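Counting starts at 1 for both ligands and their atoms, in listed order. Bear in mind that the values here come from a model prediction, so they are computed numbers and not experimental data.
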Amino acid sequence: MGHRNGGELLVQMLERAGIRQFFTLHGGHLDSIFMAAKEHGFCMTDMRHEQAAAQAADGWARTTGKPGVAVVTAGPGVADAMSGIVNAYVDAIPLLLIGGAGPADEDERLTLAGGFDQVAMMAPVTKWAHRIPKIERVPDMVAQALRIATSGRPGPVYLEIPIDVAFARMEEERVVWPKKIGPETRPTPTTKAVQTAIEWLHSAERPVILLGSGAWFSDLGSHLLDFAERTQIPVFSNSRAHGLIPADHPLCCRNSMNLAILDRANQGGPDVVLILGARLGLFTGGSSETMLPKDARLIQVDIEPEEIGRNRDVDLGIHADCGEMLRALNASARERNWPKHADWIMATRQASEMFGVMFGNEIVEAKTPIHPYVLADAIVRTASRDTILAVDGGGTSSWMEMAGQVYKGGHWLSHGYLSQLGTGMPFAIAAQVAHPKKRVICVLGDGAVGFNFAEFDTMVRHRLPVIVVVNNDGQWGMSAHGQDLIYGEGNRVVTDLANTRYDLAAAGFGCHAEHVVEPSDLVPALERALASGKPACVNVVTDPSVISPVTLALVSGASAAGLTGQSEEPQYLP
Ligand SMILES: Cc1ncc(C[n+]2csc(CCOP(=O)(O)OP(=O)(O)O)c2C)c(N)n1
Ligand SMILES: [Mg+2]
């Protein structure tokens, strides 16, 4: 009769759930897990900080649509992972964090890497946090953790395996394996709700669809494209759902912030909005009406009923999975002839191209120091339809949002509601592990690159040829510009950075390195980096004086809300 230890059961259960990889950083509490994972041929990406391991597990879910897994050691490992978990929690991303712990029966005895309640610490920032009490419970608690992470509104979960459970042994024959992880069906809308939605959309003059991560994490198949094309409704997305409609599709209007531009350009805002799996927060205009006009009819579809109506009154709230909703809408839409909305489509398209037009002159002029939009545009032009872009930083990520072209779901990994700097490199690592044949470009600010700089080492050791482009403006740009706008130039504090040679530092890890000052060298340097076959750091010196329209909008919004102590509002657009 064979015996299995707790680590082996945990690995076997992950495998039964279709998971064969995780992100980690070693700790002796976990060795039974690592040994079993090696035996089972798991892909283990060992990183240089548990924050990065948690962020990579999050990035895995964002790029594959499937839950990511991070395995971190007791005490400092779990504490370090916390910030990555918070980011996933705030963005409703499914991931499983497995944490080591001292012996369960030695609580409160100051054992190695102990001394605090890890489960209690994780509880408020996860959907579910639990300790496995004994080896017999390993399989069903892993299944429970994964079911909770992936069902309903997704989110991170924390499962703790104390060292005495991880190394305990039991007879193989006594192990009870759960047959299934989750349910077969997903919530479907009622016929009446679908009919009302179709009525409103059909009679609308300026309808739009707004996508969020709920659309990405449900199985849309071709339903979204079919529905948008049949009904000729333009599609906007937040950064978790870019690419579900390809950038070159005539109905793709890219970022939801372009809805605000529509209003400002006085073309009239949308009159009916179909919100699919996007929560109502800053990225839909918050409690203001800048993106979703007051008189617009809102149809909000969400897999989590408690999300419906957050921040705004909703005219029709539908508790359903986005894929199921689109399937039902499509079936009903077939029975009608739909208006063409040609003028409206042209107006939405123009709004989505406005930043390209606005900064196009800069591209022609190609001045030194390089304009950040010129950098963003060069990266987007160098990328192929298959390239995955991981974007991180203040102004940097906003320039990328303005220039970005995304053609597939899971190919744009960026900030969400937490706006956590430092996610870019771990997200890029996850994307490269998940898609070894695709190219991954990480674009981040010189501030953002510092949070997980040692991950260049992970890229080199694991032969992950990610291209990391640093937008080096020598400052915490968004912060510095905010201070200039609010307190006047010459009054900055704690927002300067040095003109660091990040390329030379990355070369020390074994990366291909490029230092770019002239605009004419930008595309050649990116191409050399891509051709090197190695992880690369392309350090680009950019103009520190250019303020992003997003920074202006944020400062303007804060000022309007009376949060800056400033009487005059800075202008939204330069
Ligand atoms: C972890 C974290 N710390 C601090 C902030 C606050 N913050 C927002 S933008 C910003 C400046 C970012 O600078 P950089 O990465 O260089 O990008 P840039 O704005 O210069 O393009 C800071 C510090 C944050 N969002 N996340
Ligand atoms: Mg910067």
Open item on the list: Could you tell me, atom by atom, which parts of ligand 1 come under 4.0 Å of a heavy atom of D473?
Closed with: 20 (O)
Open item on the list: Tell me whether the Mg ion (ligand 2) has T396 as a neighbour, meaning an N, O or S atom of it below 2.8 Å.
Closed with: no
Open item on the list: Quick test: of every protein heavy atom, which one is nearest to atom 26 (N) of ligand 1, and how far off is it to 0.1 Å?
Closed with: L421 N, 3.2 Å
TODO: Give the numbers and elements of all ligand 1 atoms closer than 4.0 Å to a heavy atom of Q475.
DONE: 16 (O), 20 (O)
TODO: Using atom types as modelled and distance alone, determine if a side-chain donor or acceptor of S548 lies under 3.5 Å from a backbone N or O of V550.
DONE: yes
Open item on the list: Under 4.0 Å, counting heavy atoms only: does S419 come that close to any atom of ligand 1?
Closed with: yes
Task: Close approach, F451 and ligand 1, non-hydrogen under 4.0 angstrom - done: yes
- [ ] Inspect the contact between R492 and D484 and indicate whether a charged nitrogen and a carboxylate oxygen are less than 4.0 angstrom apart.
- [x] yes
Task: Name, closest N/O/S atom of D473 to the Mg ion (ligand 2) - done: OD1
Open item on the list: Side chains of Q55 and N452: any donor to acceptor distance under 3.5 Å?
Closed with: yes
Open item on the list: Could you check whether atom NZ of K66 has more than 12 heavy atoms from other residues, nucleotides or ligands sitting under 6.0 Å from it?
Closed with: no
Task: Numbered atoms of ligand 1 (with element) below 4.0 Å of G447, judged on heavy atoms - done: 14 (P), 15 (O), 16 (O)
Task: Numbered atoms and elements of ligand 1 in range of D446, under 4.0 angstrom, heavy atoms - done: 16 (O)
Task: Under 4.0 Å to a heavy atom of G477 - the qualifying atoms of ligand 1, by number - done: 13 (O), 18 (P), 19 (O), 20 (O)
Task: Metal site angle (apex the Mg ion (ligand 2)), O from Q475 and OD1 from D446, 10 degrees - done: 90°
TODO: Number the atoms of ligand 1 from 1 as they appear, then name those within less than 4.0 Å of a heavy atom of S479, with their elements.
DONE: 10 (C), 11 (C), 22 (C), 23 (C)
Task: Electrostatic pair D521-R528, nearest N-O below 4.0 angstrom - done: yes
TODO: Below 4.0 angstrom from a heavy atom of G395, which ligand 1 atoms are there? Numbered from 1 as shown, please.
DONE: 18 (P), 19 (O), 21 (O)
- [ ] Establish, from distance only, whether the side-chain atoms of T551 and H481 form a donor-acceptor pair under 3.5 Å.
- [x] no
- [ ] Please say whether the positively charged group of R240, taken as NZ for Lys or CZ for Arg, lies over the ring of Y417, i.e. under 6.0 angstrom from the six-membered ring centre and within 45 degrees of the axis.
- [x] yes
Open item on the list: Out of all atoms in ligand 1, which are within 4.0 Å of some heavy atom of G445? Include the element for each.
Closed with: 14 (P), 15 (O), 16 (O), 17 (O)
